[in-house]
Amino acid sequence: MQDLLLLSKDTPIGKVANGNFGVLDSKRLPLFLKRTGDIQTWLESRAIDNHRTNSRILKRALRLESKDDFTTVMAVNAVTITDNYWVKPIDDEATKYDDVRFKGNMFDMLALTGDVNSFDQPPSKTPELTNIGSFEKCWRLEDGKWWMYKAGRNEELFSELMAYYVGKTLGFPMAEYEVADKFIKNCDFTDSASTNFEPAASIIGDTSDYIKIYEALKQISETIAEQYVLMCYFDGLIYNMDRHEYNFGIIRNSDTGEIISIAPFFDHNIALISRGYPINAPNDALIKDFTTLIHHTNKPIRIRKIAAREFLAIANEVPFKPPATEDVTHPREFIAKYIESRQSALGAQNQDLLHFFTPKSKEVVR
């Protein structure tokens, strides 16, 4: 690896010299580097996923000499939309953060849909090279705010949007989602890196063990650990099968490195009916893992109880049409009943610690 300077905005916080990484400002250093010191892996983790079809087309359109992750991120100085970390050659004294941060995106449609009309245009710096995740997506700047557009099948888009509506009803910290024609979009919750998002991988590595994650977060903040428990309840409720170390995390102050809160909950397009209509009664690993976690914490939590009619009203608000099948002729009614049954199963297995309340009385209900 060449000699590099790692910066937060225009403040040097680390450097690579003669293949060794050194810390210049530990307070603002990315948490992954605090934990491991492995800047090569950290840089590569910021690269767009190679297996996405439009990723390969995008790299070809940008005339990248190599397609590996390191070359990909270095093409844009490792800049992302959701934090203000970046790198430059150690002997480069002229380049500033404002020179490298993204101010537009000419390759949004190519990244999102593989649009042929976007392919044959001059290469330019695009946030798509550091837009990670397995689904086709893109960043767009609208009225001074960045929005991530995501493509998917109707079942996936329906599931993500309904999850958002349910989370908002529960009063959970949710990333803001909207319908955008045949796509969905969510607003950049860092406000163009006014704060820094750090994925949970920076703290926990690649573990999926609820208790290990809880204990690691507890070392940082009791409040964040408690918010994590709520997220695990939410995943159990909406049958979210794809919570992993890169689609949740924390928010940090971009100037001091102070940890502020858990990041808003996002990325729920592999939940609910995204992979078909569940045929079994809800007693799956998500509910069991949450049950194990809440009994490990031994701390009661209060959750708003959503009535079956409310779940149906929420399902009816989602504009994407869930498909009917031979077995499910009224999809929205099925989905409402299914998620209500998951709520009941979560309550039944955790009566000693999980207390539901109704929105009017605030009294605990069973």
Side-chain angles (χ1 to χ4, degrees), residues 1-50 55 58-59 62-107 111 123-133 139 146 188 190-203 205 245-246 249-257:
M1 182 188 298
Q2 69 185 109
D3 290 351
L4 295 172
L5 196 63
L6 170 66
L7 302 99
S8 171
K9 299 180 182 176
D10 285 315
T11 300
I13 59 174
K15 66 178 180 178
V16 178
N18 301 316
N20 298 311
F21 177 70
V23 177
L24 300 176
D25 184 340
S26 62
K27 289 183 179 180
R28 297 174 71 166
L29 198 68
L31 296 178
F32 182 89
L33 295 179
K34 280 190 177 185
R35 183 171 62 85
T36 70
D38 185 353
I39 193 167
Q40 177 93 24
T41 298
W42 179 78
L43 286 168
E44 291 173 350
S45 74
R46 295 163 79 81
I48 186 173
D49 292 36
N50 275 318
S55 165
L58 175 67
K59 291 179 181 182
L62 293 172
R63 318 295 194 268
L64 292 188
E65 293 181 8
S66 300
K67 307 298 189 295
D68 62 280
D69 289 342
F70 181 76
T71 301
T72 298
V73 298
M74 291 306 294
V76 289
N77 295 84
V79 176
T80 75
I81 295 293
T82 56
D83 64 48
N84 55 51
Y85 302 125
W86 62 292
V87 296
K88 66 178 180 178
I90 204 165
D91 58 357
D92 178 357
E93 298 181 359
T95 304
K96 302 298 182 184
Y97 182 50
D98 194 57
D99 300 324
V100 298
R101 66 186 309 187
F102 301 114
K103 301 179 177 69
N105 184 13
M106 298 298 294
F107 288 90
S124 62
K125 297 221 174 201
T126 171
E128 300 314 320
L129 291 182
T130 50
N131 192 2
I132 67 172
W139 284 109
W146 285 101
D188 163 31
T190 71
D191 192 19
S192 298
S194 296
T195 56
N196 284 340
F197 168 68
E198 297 229 24
S202 298
I203 303 167
E245 66 274 18
Y246 284 97
I250 62 168
I251 299 296
R252 296 176 72 191
N253 184 300
S254 61
D255 293 320
T256 66

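These numbers were taken from a predicted model, which means no experiment stands behind them.
Screening residues 66-77 for salt bridge (charged side-chain N to carboxylate O under 4.0 Å, His left out), with sequence neighbours left out, gives no hits. The side-chain hydrogen bond (donor to acceptor under 3.5 Å, both in side chains) analysis of residues 23-33, with sequence neighbours excluded, yields the pairs Ser8-Arg28, Thr11-Arg28. The salt bridge (charged side-chain N to carboxylate O under 4.0 Å, His left out) pairs that include a residue from residues 80-91 are Arg46-Asp83, where partners are two or more places apart or lie in different chains.
When atom types are taken as modelled, the side chain of Asn253 and the backbone of Thr256 share a donor-acceptor pair closer than 3.5 angstrom. Looking at Thr130, its side chain does come within 3.5 Å of a backbone N or O of Val79 through a donor-acceptor pair. Between the side chain of Ser194 and the main chain of Asp191, a donor-acceptor pair closer than 3.5 Å is present. Asn196 places a side-chain N or O within donor-acceptor distance of the main-chain N or O of Asn84, the cut-off being under 3.5 Å. In this structure a side-chain-to-backbone donor-acceptor pair under 3.5 Å is missing from Lys125 to Lys103. When atom types are taken as modelled, the side chain of Thr126 and the backbone of Asn105 share no donor-acceptor pair closer than 3.5 angstrom.
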Checklist entry - After noting the C-alpha distance and the side-chain angles of Thr36 and Thr41, does the key distance pass the side chain to side chain contact (heavy atoms under 4.5 Å, CB included) rule? => result CA-CA 9 Å; Thr36 70; Thr41 298; over 6 Å; no

Next on the checklist: Between Trp139 and Thr82, is the side chain to side chain contact (heavy atoms under 4.5 Å, CB included) condition met? List the steps.
Outcome noted: CA-CA 11 Å; Trp139 284 109; Thr82 56; 4.1 Å; yes

Next on the checklist: Lys59 vs Ile48, test: side chain to side chain contact (heavy atoms under 4.5 Å, CB included). Steps then yes/no.
Outcome noted: CA-CA 10 Å; Lys59 291 179 181 182; Ile48 186 173; 3.9 Å; yes

Next on the checklist: side chain to side chain contact (heavy atoms under 4.5 Å, CB included) for Leu5 and Leu24? Distances and angles first, verdict last.
Outcome noted: CA-CA 10 Å; Leu5 196 63; Leu24 300 176; 4.0 Å; yes

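For the residue pair Leu64 and Ala75, the shortest heavy atom distance occurs at CD2-CB, 3.9 Å. In terms of heavy atoms, Asp188 sits closest to Ala193 at OD2-N, 4.2 Å. For Ala17 against Asp3, the heavy-atom pair with the smallest separation is CA-OD1, 3.4 Å. Between Ala201 and Arg35, the shortest heavy-atom distance links the atoms O-NH2, 2.9 Å. Across all their heavy atoms, Asp38 and Phe32 have their closest contact at O-CE2, 3.4 Å. Here the closest non-hydrogen pair linking Ser124 and Leu62 is O-CD2, 3.5 Å.
With sequence neighbours excluded, no residue forms a side-chain hydrogen bond (donor to acceptor under 3.5 Å, both in side chains) with Lys96. Scanning for side-chain hydrogen bond (donor to acceptor under 3.5 Å, both in side chains) contacts around Asp49 gives an empty result, with sequence neighbours left out. Residues passing the ring-ring contact (aromatic ring centres under 6.0 Å, His included) test with Phe197 are Phe189, Phe266, sequence neighbours excluded. The side-chain contact (heavy atoms from CB on, under 4.5 Å) test applied to Gln2 returns Leu4, Met74, Pro89, not counting sequence neighbours. With sequence neighbours excluded, no residue forms a side-chain hydrogen bond (donor to acceptor under 3.5 Å, both in side chains) with Ser45. Shown here are the side-chain hydrogen bond (donor to acceptor under 3.5 Å, both in side chains) partners of Thr95, two or more places apart in sequence or in another chain: Asp92. Scored by the side-chain contact (heavy atoms from CB on, under 4.5 Å) test, Pro30 finds Leu6, Ile13, Leu33, Trp42, Tyr85, Glu198 as partners (sequence neighbours excluded).
The line from OG of Ser192 to CH2 of Trp146 is 7.5 Å long, rounded to the nearest 0.5 Å. Once rounded to the nearest 0.5 Å, the distance linking CZ of Phe102 with CG of Asn77 reads 8.5 Å. In this structure, CG on Asn131 lies 8.5 Å from CD1 on Ile81, to the nearest 0.5 angstrom.
None of Val76, Asp10, Val73 except one satisfies the side-chain contact (heavy atoms from CB on, under 4.5 Å) rule with Trp86; the exception is Asp10. Under the side-chain contact (heavy atoms from CB on, under 4.5 Å) test applied with Ile39, the options Met1, Lys15, Glu44 reduce to a single match, Met1.
Side chains of Leu43 and Val87 form a contact here, defined as non-hydrogen atoms less than 4.5 Å apart. Using a 4.5 Å heavy-atom threshold, the side chains of Leu31 and Ile250 count as touching.
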